[in-house]
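Remarks on the structure that follows.
The model shown is predicted, which means the values in this text are computed figures rather than measured ones.
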Amino acid sequence: MHRTLSTFLASLAVFLALPLAAPAPMAHAESAVQRGLLITPVKQQISVDAGTAVANSLVVANLTQSPQDISLSVKQFSVANYTYDYTFQPPENDWLRLGITSQHLDSGQSKTIPYTITVPARTAPGGHYYTLFASAKVTTGGVSNTIQAADLLYLTVNGKLTKVSHLEDSSIPWLVVSKDVPFTLHAINTGNIYSYVYVSGQLHGLLVKPAQTSTGHILIPGHVRTLSSSIDSPVLPGIYRAVYGYKTEGNWIVQETHWIVYLPPWFIAFTLAALLVGGGIVRRKRRSTKQPAASASDKG
């Protein structure tokens with residue numbers, strides 16, 4: 001979770017361009033991407049007033065070495081709580097209509113695919129999320145596979161839009177011995193449109209490093225997302241105040257504060273070595289103290 005939108009889009013483009021079959025070596029995967037389908041853009045953000053329609057388009061290209069019959073389809077996407085795995089379902093409405101649902105493309109050929117979005121009157125403001133798929137059947141060595149490319153469409157119905165989120169809970173260890181301090185946030189978008197948040201954290205104390213803000217993480221309304229990150233550990237051991245959380249697009253800051261104890265590995269090793277050395281010195285002193293007493297008794 002821990003996925004940024006840019007990472008998801010890149011991963012989705014690579015994944016969908018590969019044949020939906022058994023895993024293949026990396027070199028073969030790169031070749032499959034280069035020879036698959038290309039759809040541009042991979043993400044679109046469109047705003048529409050209720051009761052109106054807009055026209056738009058995308059481009060599909062055949063990068064395989066043979067002619068392909070391309071089928072085009074529309075699905076809506078959502079996410080699972082916490083993991084934010086993307087799921088695709090048939091659309092719940094017919095707002096998005098493709099001008100072309102199939103197209104023959106020669107190798108290297110591209111085609112502009114028109115589509116229209118019609119939003120009914122009195123539709124409530126908010127976000128709706130679609131995926132436009134281009135698919136083709138490819139036969140290699142007598143085995144038929146499906147290759148796909150996808151365009152994510154973020155549709156916003158204009159009106160009173162609210163980007164509100166809050167933390168359901170968070171966690172951070174009270175004792176840290178590693179080179180960084182991991183923390184986890186469970187954030188939920190309670191608004192009516194997707195939003196981005198930027199996670200960061202910092203320790204307060206001696207010789208601490210500045211906070212580092214992560215790239216944007218998208219929050220889909222109504223779904224809890226796990227946001228995991230870490231804070232660079234300080235140089236010296238001690239007790240530190242950890243402040244961590246996220247900032248919204250509107251610069252609203254949501255933070256948690258906890259105290260942690262930091263014991264770096266070198267400090268633990270030094271302490272153990274000191275205890276071993278100190279214990280050896282104490283034992284030698286005890287033996288040297290007992291030996292003279294035994295000698296005096298022998299003389300008597």
Side-chain angles (χ1 to χ4, degrees), residues 3-46 48 53-80 83-118 128-155 194 218 220:
R3 299 177 186 164
T4 64
L5 180 60
S6 59
T7 302
F8 164 71
L9 292 175
S11 301
L12 184 67
V14 172
F15 172 76
L16 292 177
L18 296 175
L20 302 181
M26 182 60 67
H28 176 74
E30 292 176 355
S31 175
V33 173
Q34 296 169 358
R35 297 177 182 176
L37 298 180
L38 174 69
I39 191 168
T40 57
V42 295
K43 181 183 73 171
Q44 298 184 81
Q45 296 172 314
I46 299 177
V48 182
V54 297
N56 209 333
S57 64
L58 54 86
V59 176
V60 176
N62 175 15
L63 301 185
T64 68
Q65 295 181 330
S66 59
Q68 299 296 336
D69 291 318
I70 312 298
S71 62
L72 299 136
S73 60
V74 177
K75 292 188 178 182
Q76 286 185 281
F77 74 85
S78 184
V79 294
T83 61
Y84 249 59
D85 292 328
Y86 282 69
T87 59
F88 304 91
Q89 304 90 17
E92 298 174 352
N93 51 56
D94 61 351
W95 297 2
L96 197 159
R97 296 185 179 181
L98 294 166
I100 299 173
T101 57
S102 63
Q103 179 67 43
H104 179 83
L105 293 178
D106 293 329
S107 177
Q109 185 181 6
S110 63
K111 175 71 175 180
T112 298
I113 309 298
Y115 65 87
T116 58
I117 300 172
T118 304
H128 302 266
Y129 313 103
Y130 298 88
T131 308
L132 290 78
F133 284 103
S135 308
K137 295 284 187 181
V138 176
T139 301
T140 304
V143 179
S144 180
N145 296 305
T146 298
I147 56 174
Q148 288 185 315
D151 169 22
L152 297 181
L153 172 60
Y154 292 79
L155 173 64
Y194 67 93
I218 192 170
I220 300 294

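- Each of Phe77, Tyr154, Trp95, Tyr115 was compared with Tyr130 under the side chain to side chain contact (heavy atoms under 4.5 Å, CB included) criterion, and only Trp95 meets it.
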From CA spacing to verdict: side-chain hydrogen bond (donor to acceptor under 3.5 Å, both in side chains), Thr87, Gln89: CA-CA 7 Å; Thr87 59; Gln89 304 90 17; 2.8 Å; yes
Show, in sequence, the C-alpha distance, side-chain angles and deciding distance for Gln65 and Ser107, and conclude whether the side-chain hydrogen bond (donor to acceptor under 3.5 Å, both in side chains) test is met. CA-CA 5 Å; Gln65 295 181 330; Ser107 177; over 6 Å; no
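- For CD of Glu92, the number of neighbouring non-hydrogen atoms (other residues, nucleotides, ligands) closer than 6.0 Å is 12 at most.
- A 4.5 Å side-chain heavy-atom check between Asn56 and Gln44 finds at least one atom pair inside the cut-off.
- For the salt bridge (charged side-chain N to carboxylate O under 4.0 Å, His left out) condition, the pairs that include at least one residue of residues 96-110, sequence neighbours left out, are Asp94-Arg97.
- Between Asp151 and Lys43, the closest heavy-atom pair is OD1-N, 3.5 Å.
- Using a 4.5 Å cut-off on side-chain heavy atoms (C-beta onward), Thr131 and Leu152 make contact.
- Put simply, the side chain of Lys111 reaches to within 4.5 Å of the side chain of Ile100, judged on heavy atoms.
- Checked against side-chain hydrogen bond (donor to acceptor under 3.5 Å, both in side chains), Ser144 has no partners two or more places apart in sequence or in another chain.
- Of all heavy-atom pairs between Ile39 and Leu132, the closest is CD1-O, 3.7 Å.
- Checking side-chain atoms of Tyr129 against main-chain N and O of Tyr194 turns up a donor-acceptor pair under 3.5 Å.
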